[in-house]
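First up is the structure itself, then whatever we jot down about it.
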Amino acid sequence: MPDVTSTLQTILSSHGIDTRFEKNGWLTSNGSYPVCCAYTQEPQSHNNGCMVRLDVEVALSPDRILTESFSNLGVDPNQAFRSSLQNFCSGSLHPILSALWGVS
């Protein structure tokens with residue numbers, strides 16, 4: 001599977017948000033909040049394929065973290081990851097971009 005936070009960085013960049021990696025693994029767009037990261041759980045075998053859970057975290061402050069989780073099935077971990085990522089992109093991505101970065 002690809003590096004999940006790098007994939008998130010590519011998605012944000014395609015929407016006009018330039019980010020850079022902080023030493024702690026978070027992506028920041030201006031050196032302050034909001035910051036974000038993404039990660040996956042270990043793929044789980046299911047019937048004739050596997051399931052991958054994608055977690056996207058957006059920290060609004062040191063004490064406030066929004067976590068969105070998406071799971072989906074695929075014939076292999078890569079397809080399951082792509083399906084979970086598609087769920088994020090078609091669900092929460094655009095409201096997060098609009099609310100936190102003013103992208104409409």
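These numbers come from a predicted model, not from an experiment.
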ask   = His15 and His94: side chain to side chain contact (heavy atoms under 4.5 Å, CB included), yes or no, with the steps?
value = CA-CA 9 Å; His15 286 82; His94 294 100; 3.2 Å; yes
ask   = What about Trp101 and Trp26, same hydrophobic cluster or not, with Ile/Leu/Val/Met/Phe/Trp/Tyr joined at side-chain heavy-atom distances under 4.5 Å?
value = no
ask   = Transitively linked via ILVMFWY side-chain contacts under 4.5 Å: Ile11 with Val35?
value = no
query = Quick one: are Thr28 and Arg20 in side-chain contact, heavy atoms under 4.5 Å?
reply = yes
inquiry  = For Gln9 and Thr19, which I'm curious about, is there any donor-acceptor pair between the side chains at under 3.5 Å?
reply    = yes
query = Do Val4 and Leu66 belong together in a cluster built from hydrophobic side chains that touch within less than 4.5 Å?
reply = yes
request  = Taking atom CG of Asn24 as the centre, report whether more than 12 heavy atoms of other residues, nucleotides or ligands fall under 6.0 Å from it.
outcome  = yes
query = Backbone N or O of Phe88 within a donor-acceptor pair of the Ser92 side chain at under 3.5 Å?
reply = no
key: Any side-chain heavy-atom pair of Leu8 and Cys36 under 4.5 Å   = yes
inquiry  = According to side-chain hydrogen bond (donor to acceptor under 3.5 Å, both in side chains), who are the partners of Tyr39, at least two apart in sequence or on a separate chain?
reply    = Glu57
Listed partners of Asn30 passing side-chain hydrogen bond (donor to acceptor under 3.5 Å, both in side chains), at least two apart = Ser32
request  = Please lay out, stage by stage, how Val52 and Asn72 fare under the test side chain to side chain contact (heavy atoms under 4.5 Å, CB included).
outcome  = CA-CA 6 Å; Val52 170; Asn72 215 337; over 6 Å; no
query = Would a 4.5 Å heavy-atom cut-off, applied to side chains only, mark Tyr33 and Leu60 as touching?
reply = no
ask   = So how far is it from Arg82 CZ to Asn87 CG, rounded to the nearest 0.5 Å?
value = 13.5 Å
ask   = Under a 4.5 Å side-chain heavy-atom rule over Ile, Leu, Val, Met, Phe, Trp and Tyr, are Ile65 and Leu100 clustered together?
value = no
query = Do the side chain of Ser84 and the main chain of Ala80 share a donor and acceptor less than 3.5 angstrom apart?
reply = yes
request  = Check whether any side-chain heavy atom of Phe81 lies under 4.5 Å from a side-chain heavy atom of Asp76, and answer yes or no.
outcome  = no
inquiry  = Are the side chains of Ser98 and Val103 in contact, using a 4.5 Å heavy-atom criterion?
reply    = no
request  = Would you indicate whether the side-chain heavy atoms of Phe70 and Ser83 approach each other to under 4.5 Å?
outcome  = no
task = Measure the shortest side-chain to side-chain distance between Thr7 and Asp3 over non-hydrogen atoms and say whether it is less than 4.5 angstrom.
result = no
message = For the residue pair Thr67 / Asp55, report whether a side-chain donor-acceptor contact shorter than 3.5 Å exists.
response = no
Side chain to side chain, Leu85 and Leu54, heavy atoms closer than 4.5 Å = yes
